[in-house]
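The structure appears below as structure tokens.
All residue numbers refer to positions in the sequence shown, counting from 1. Treat the numbers as computed from the prediction; the structure is a model and nothing was measured.
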Amino acid sequence: MYYSPESLEAFVQSVASGSFSGAARALRKSQSTISVAVSSLEDHLGFALFERTSRHLMLTEEGRRVLAQVREILAANQRLDDVALRLAQGIEPRVTLAISDHWPAGHHDRLLSQFAEKFSEVEFECLIAENEDVIELLKSGRAQLGLITKQPHLPTELVSRSLAISGHTGIYLANDHPLCQQATLTLDDLKGVRQLQLNTWSRAGIQRSEGLVWSASSYILLLDMAQQGFGWAKLPCWMVDYFGNESLTLLPLAGWPQKLNLDIIWSARHTLGPACLWMIDQLTTAKD
């Protein structure tokens, strides 16, 4: 059975306005048009939606029961219209962004809020990855965009643009470690302490430092191990502030914390849609 969107809209607006005349004003139509549309809907349904014995519109029991379904139908129609418009404009149905943990969470939250407002029906996926892993995700087409610390070399197929926002990394130890009580330290002081080091999935082997090394594929795992006192780690400063629960000490080493420049990168072999291009513009114009 077919119910015209006009009759459904007339019914819902009449309920909201409390009268056919109010619905007519809201929809910029004549009162007779609204009345005929509601009557047509009642004929198709086979029962009355409003009591006709009062000066004010009152829903019948049947009218109350179908109101929610009618609203759902109108909402579904609007979503279909939105999808059709996006497809006509070439807007991609899904955006996958691979991000480094050096990208500060506060900036990421703002980016997603803006994205949700502008592309509310576009599916978004966020993958946490570092360095070689981000590059492989882009080359394979698994991700469309990558947010990464600036690399000395990139494959020729990848395009990069610099961000004004930067990351900062420091060297941390659990608060109760004896080295945390020293006013000054050098890297030589850390040689007798286990290092907790990042090791990406794509890297053939980690670049080992002197002494014992434990590794993990994400900074959040390294942070957890550092909190448990398993060793020292180079960690994004924002992450320690956000998740560290004041359990780690930033070691007083010359040249640390270090500033890390960030890039947004993508593959020239894969065409980007309007949502991805918008995200690139937002990322490259954002500032600390």
Side-chain angles (χ1 to χ4, degrees), residues 92 94-105 107-108 111 124-172 187 190-191 195-211 213-223 232-240 253-273 275-288:
E92 58 272 50
R94 177 189 181 100
V95 170
T96 298
L97 172 66
I99 65 170
S100 164
D101 271 329
H102 289 289
W103 171 241
H107 292 292
H108 189 63
L111 175 69
F124 176 78
E125 179 185 22
C126 184
L127 305 175
I128 304 299
E130 303 293 338
N131 305 331
E132 298 90 346
D133 290 348
V134 175
I135 292 171
E136 289 303 316
L137 288 168
L138 293 175
K139 290 172 63 178
S140 68
R142 176 64 180 84
Q144 294 139 298
L145 301 173
L147 215 163
I148 191 172
T149 55
K150 187 174 290 292
Q151 302 293 299
H153 303 287
L154 284 173
T156 55
E157 72 179 75
L158 296 185
V159 182
S160 68
R161 289 178 65 181
S162 298
L163 306 190
I165 296 169
S166 55
H168 292 83
T169 184
I171 295 180
Y172 293 87
L187 289 176
L190 298 178
K191 289 182 178 179
Q195 180 180 359
L196 309 174
Q197 189 175 44
L198 183 76
N199 190 23
T200 58
W201 291 99
S202 302
R203 190 182 299 176
I206 62 174
Q207 298 174 352
R208 294 188 176 278
S209 301
E210 294 182 21
V213 174
W214 284 9
S215 64
S217 61
S218 77
Y219 282 108
I220 197 67
L221 292 174
L222 295 178
L223 184 149
W232 64 271
K234 299 176 184 178
L235 297 169
C237 294
W238 77 262
M239 180 180 287
V240 176
L253 293 160
W256 294 85
Q258 292 184 346
K259 178 181 177 181
L260 296 176
N261 295 321
L262 301 172
D263 285 347
I264 180 72
I265 64 175
W266 63 94
S267 173
R269 295 181 181 177
H270 303 109
T271 303
L272 300 181
C276 282
L277 295 174
W278 174 90
M279 188 167 284
I280 291 172
D281 287 340
Q282 294 301 307
L283 286 166
T284 53
T285 57
K287 297 181 179 179
D288 280 318

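- Here the side chain of S162 pairs no donor or acceptor atom with the backbone of D263 at under 3.5 angstrom.
- For N261 (side chain) and K150 (main-chain N/O), no donor-acceptor pair under 3.5 Å exists by modelled atom type.
- Side-chain contact check for L187 versus I171: some heavy-atom pair is nearer than 4.5 Å.
- Q144 has its side chain within reach of E92: a pair of non-hydrogen atoms, C-beta onward, lies under 4.5 Å apart.
- Side-chain contact between L272 and L145 is present, with heavy atoms from C-beta onward closer than 4.5 Å.
- In this structure, CG in L137 is found 11.5 Å from CD in E132, a value given to the nearest 0.5 Å.
- Checked by atom type, the side-chain pair E130/S100 shows a donor-acceptor distance below 3.5 Å.
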**Request:** With side-chain contact (heavy atoms from CB on, under 4.5 Å) as the test, would you mind laying out the steps for V134 and L158 before giving the verdict?
**Result:** CA-CA 11 Å; V134 175; L158 296 185; over 6 Å; no
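- Two residues are said to be in side-chain contact when any heavy atoms from C-beta on lie closer than 4.5 Å; L253 and L190 meet this criterion.
- Contact annotation: the side chain of L198 approaches that of N131 to within less than 4.5 Å [non-hydrogen atoms, C-beta and beyond].
- A275 approaches V95 most closely through the heavy-atom pair CB-CG2, 3.8 Å.
- Across all their heavy atoms, G146 and L138 have their closest contact at N-CD2, 3.7 Å.
- Minimum heavy-atom separation, D281 to R161: OD1-NH1, 4.0 Å.
- From D101, atom CG reaches atom CE of M239 across 3.5 Å, with rounding to the nearest 0.5 Å.
- The aromatic rings of F124 and H108 sit tilted relative to each other, their planes meeting at an angle between 30° and 60°.
- In this structure, N199 CG and L221 CG are separated by 12.0 Å, a value rounded to the nearest 0.5 Å.
- Under a 3.5 Å cut-off, the side chain of W103 and the backbone N or O of I165 do not form any donor-acceptor pair.
- At a threshold of 4.5 Å between non-hydrogen side-chain atoms, the residues V159 and I265 do not count as touching.
- For the pair T149 and Q151, the minimum side-chain heavy-atom distance is below 4.5 Å.
- Nearest heavy atoms, A143 versus A98: CB-CB, 4.2 Å.
- Between E125 and R94 there is a salt bridge, since a side-chain N of the basic residue sits under 4.0 Å from a carboxylate O of the acidic one.
- Side-chain N/O atoms of S267 and E157 include a donor and acceptor closer than 3.5 Å.
- Between the SG atom of C237 and the CD atom of Q258 there is a distance of 10.0 Å, given to the nearest 0.5 Å.
- With values rounded to the nearest 0.5 angstrom, T284 atom OG1 is found 13.0 Å from L262 atom CG.
- Distance check, rounded to the nearest 0.5 Å: CD1 of I280 to CG of L147 gives 10.5 Å.
- Q195 is listed as a side-chain neighbour of W232, based on a closest heavy-atom distance under 4.5 Å.
- Taking each heavy atom of L222 and S215 in turn, the nearest pair found is CD2-C, 4.4 Å.
- Considering all non-hydrogen atoms of both residues, W256 and G170 come closest at CE3-CA, 4.0 Å.
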